[in-house]
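Structure provided below as structure tokens; questions to follow.
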Amino acid sequence: MNLKSFFLFKGLDDKDIEEVKKFTIVKKLKKDEIVFYEKENPAYLHLLVEGVARVYKVDSKGNELIIHKFTPVSLIAELANLENMPYPANCAMDSEGVILKIEFEKFKKFMKKGDVCFSIMSSLLRKMKYLDGLIQANLVLDTETKIAKFIYENPEAFEDLKQHSIASLLNIKPETLSRKLKKFKELGIIENVGSKLKVKNRELIKENFTW
């Protein structure tokens, strides 16, 4: 596997790459296979290079509450490594995939190189922007507009996530979400396709909602 093709290693020369390969594991994972558990100590940086992974918590009833879904190429939960704190949630594969597991203690010395440090900071900033968007939506927007914004900005996640997970992300009750989604069907924004809800006309959202 050509490590230099991934953003995290672009600032490294060939000698560095060869050294990093010595403490990097290429792990092939099956759908629903666990990447790491909540409260586990972070010995590795996890770089998703194939497939989709989900980060989630489990509520008192055993339901998965999905926090975020990752697509390639993405670092997962790198803040836990940087802060030397246990993982704040679980991570599992949403499909078959490949993750590079990089021994963090050995990789630290390479983080002094500007490009590597910048890549990690950029990854963290993207996650902060995502979380900031969720926080702002919860503080400022009414329920219907929060739902509309989520569907408009995350159509794939809306179609993939279970309704109780979406409700948890948006800080609304599942029954409220279910009731509000009827309006989105009436407006022609979403539709039932088999047992799933699909985004029918995303542009209608902007015609009916503002934020």
Side-chain angles (χ1 to χ4, degrees), residues 6-7 29-33 35 47-59 61-77 88-99 122-211:
F6 304 122
F7 74 91
L29 297 140
K30 298 177 182 177
K31 187 179 186 300
D32 293 324
E33 191 169 348
V35 179
L47 185 68
L48 177 69
V49 297
E50 291 180 23
V52 178
R54 67 184 184 274
V55 172
Y56 66 95
K57 295 179 81 73
V58 178
D59 67 15
K61 296 180 180 178
N63 296 312
E64 283 190 11
L65 302 177
I66 296 176
I67 299 168
H68 194 40
K69 287 200 177 190
F70 290 88
T71 56
V73 173
S74 301
L75 281 168
I76 304 174
N90 306 291
C91 180
M93 295 302 296
D94 233 31
S95 67
E96 291 185 351
V98 177
I99 284 180
S122 294
S123 177
L124 284 170
L125 286 170
R126 285 193 296 272
K127 293 179 178 69
M128 288 172 65
K129 185 178 179 182
Y130 170 81
L131 290 172
D132 184 61
L134 286 178
I135 292 167
Q136 290 300 318
N138 281 321
L139 289 175
V140 176
L141 304 179
D142 62 66
T143 301
E144 286 185 1
T145 308
K146 278 199 288 188
I147 297 167
K149 187 174 187 288
F150 181 82
I151 296 172
Y152 187 83
E153 295 180 349
N154 308 278
E156 292 180 358
F158 173 76
E159 293 179 349
D160 289 342
L161 297 178
K162 294 178 180 177
Q163 285 193 29
H164 69 78
S165 295
I166 296 172
S168 177
L169 281 172
L170 299 179
N171 195 30
I172 59 179
K173 294 179 179 179
E175 54 268 29
T176 301
L177 175 64
S178 181
R179 188 172 64 253
K180 295 293 184 182
L181 288 178
K182 291 178 182 177
K183 178 177 179 178
F184 287 81
K185 291 180 188 176
E186 292 169 359
L187 291 170
I189 294 169
I190 62 175
E191 63 181 345
N192 283 101
V193 178
S195 61
K196 286 195 169 187
L197 285 172
K198 297 287 184 181
V199 179
K200 182 180 180 181
N201 191 333
R202 183 167 164 265
E203 294 310 312
L204 283 175
I205 296 173
K206 282 294 190 179
E207 294 180 19
N208 290 275
F209 299 91
T210 57
W211 56 82

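Side chains included, hydrogens not; waters and symmetry mates left out as well; all remaining heavy atoms used. In this chain, residues are counted from 1 in sequence order.
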Quick one: pull up CG in L48 and CD1 in I76 and give me the separation to the nearest 0.5 Å.
->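 If we round to the nearest 0.5 Å, L48:CG and I76:CD1 are 5.0 Å apart.
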
Grab the two heavy atoms, one from L170 and one from K146, that are nearest each other, plus how far apart they are.
->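 It is O-NZ, 3.0 Å.
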
Hey, is CD on E156 packed in by over 12 heavy atoms from elsewhere, all under 6.0 Å?
->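 Atom CD in E156 is not crowded, with 12 or fewer foreign heavy atoms closer than 6.0 Å.
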
Kindly write out the residues that satisfy ring-ring contact (aromatic ring centres under 6.0 Å, His included) with F209, not counting sequence neighbours, or none if the list is empty.
->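 Once residues adjacent in sequence are excluded, the partners of F209 under the ring-ring contact (aromatic ring centres under 6.0 Å, His included) criterion are F184.
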
Side-chain contact test, heavy atoms from C-beta onward, threshold under 4.5 Å: evaluate it for E207 versus L187 and give yes or no.
->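 No, their side chains stay 4.5 Å or more apart.
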
How far does CZ of R179 sit from OG1 of T176, to the nearest 0.5 angstrom?
->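 Going from the CZ atom of R179 to the OG1 atom of T176 covers 4.5 Å.
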
Taking atom NZ of K183 and atom CD of E186, what is their separation to the nearest 0.5 Å?
->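 Output value for this atom pair is 9.0 Å.
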
For D59, does its backbone N or O pair with a side-chain atom of N63 as donor and acceptor, under 3.5 Å?
->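 Not confirmed, N63 side chain does not pair with D59 backbone.
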
So, for L204 and G188, which heavy atoms are closest and what is the spacing to 0.1 Å?
->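 For L204 versus G188, the nearest heavy atoms are CD1-O, 3.7 Å.
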
K198 side chain to V193 backbone, donor-acceptor under 3.5 Å |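 A pair under 3.5 Å: no.
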
Evaluation steps, side-chain contact (heavy atoms from CB on, under 4.5 Å), between I172 and I147 | CA-CA 10 Å; I172 59 179; I147 297 167; 4.0 Å; yes

Shortest non-hydrogen contact from V73 to F7?
->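 Shortest heavy-atom contact: O-CE2, 3.5 Å.
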
Rounded to the nearest 0.5 Å, what's the gap from CZ on R202 to CD on E153? Could you check?
->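 Rounded to the nearest 0.5 Å, the CZ-CD separation comes out at 8.5 Å.
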
Atom pairs and distances, side-chain donor-acceptor, residues 91-99, under 3.5 Å, sequence neighbours left out:
| from | atom 1 | to | atom 2 | distance (Å) |
| --- | --- | --- | --- | --- |
| D94 | OD1 | R54 | NH1 | 2.8 |
| D94 | OD2 | K69 | NZ | 2.4 |
| S95 | OG | V52 | N | 3.0 |

Main-chain N/O of P174 paired with Q163 side-chain donor or acceptor, under 3.5 Å =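 No; zero donor-acceptor contacts below 3.5 Å.
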
Mind running side-chain contact (heavy atoms from CB on, under 4.5 Å) on F70 and V35 for me, showing each step along the way?
-> CA-CA 12 Å; F70 290 88; V35 179; over 6 Å; no

If you measure from CG on N90 to OH on Y56, what distance do you get to the nearest 0.5 Å?
->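 Here the rounded value is 4.5 Å.
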
Identify the heavy atoms of V55 and A89 that sit nearest to each other, and give their distance.
->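 Closest approach of V55 to A89, heavy atoms only: CG1-CB, 3.7 Å.
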
Using salt bridge (charged side-chain N to carboxylate O under 4.0 Å, His left out) as the criterion, list what pairs up with K173, not counting sequence neighbours.
->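 Here no residue qualifies.
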
Heavy-atom closest pair, residues D142 and E144 |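 Taking every non-hydrogen atom into account, OD1-N, 3.1 Å.
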
Flag side-chain contact, heavy atom, 4.5 Å: L65 against V58 |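 Not in contact.
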
Could you give the distance from OG1 (T145) to CH2 (W211), rounded to the nearest 0.5 Å?
->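 Those atoms lie 8.0 Å apart.
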
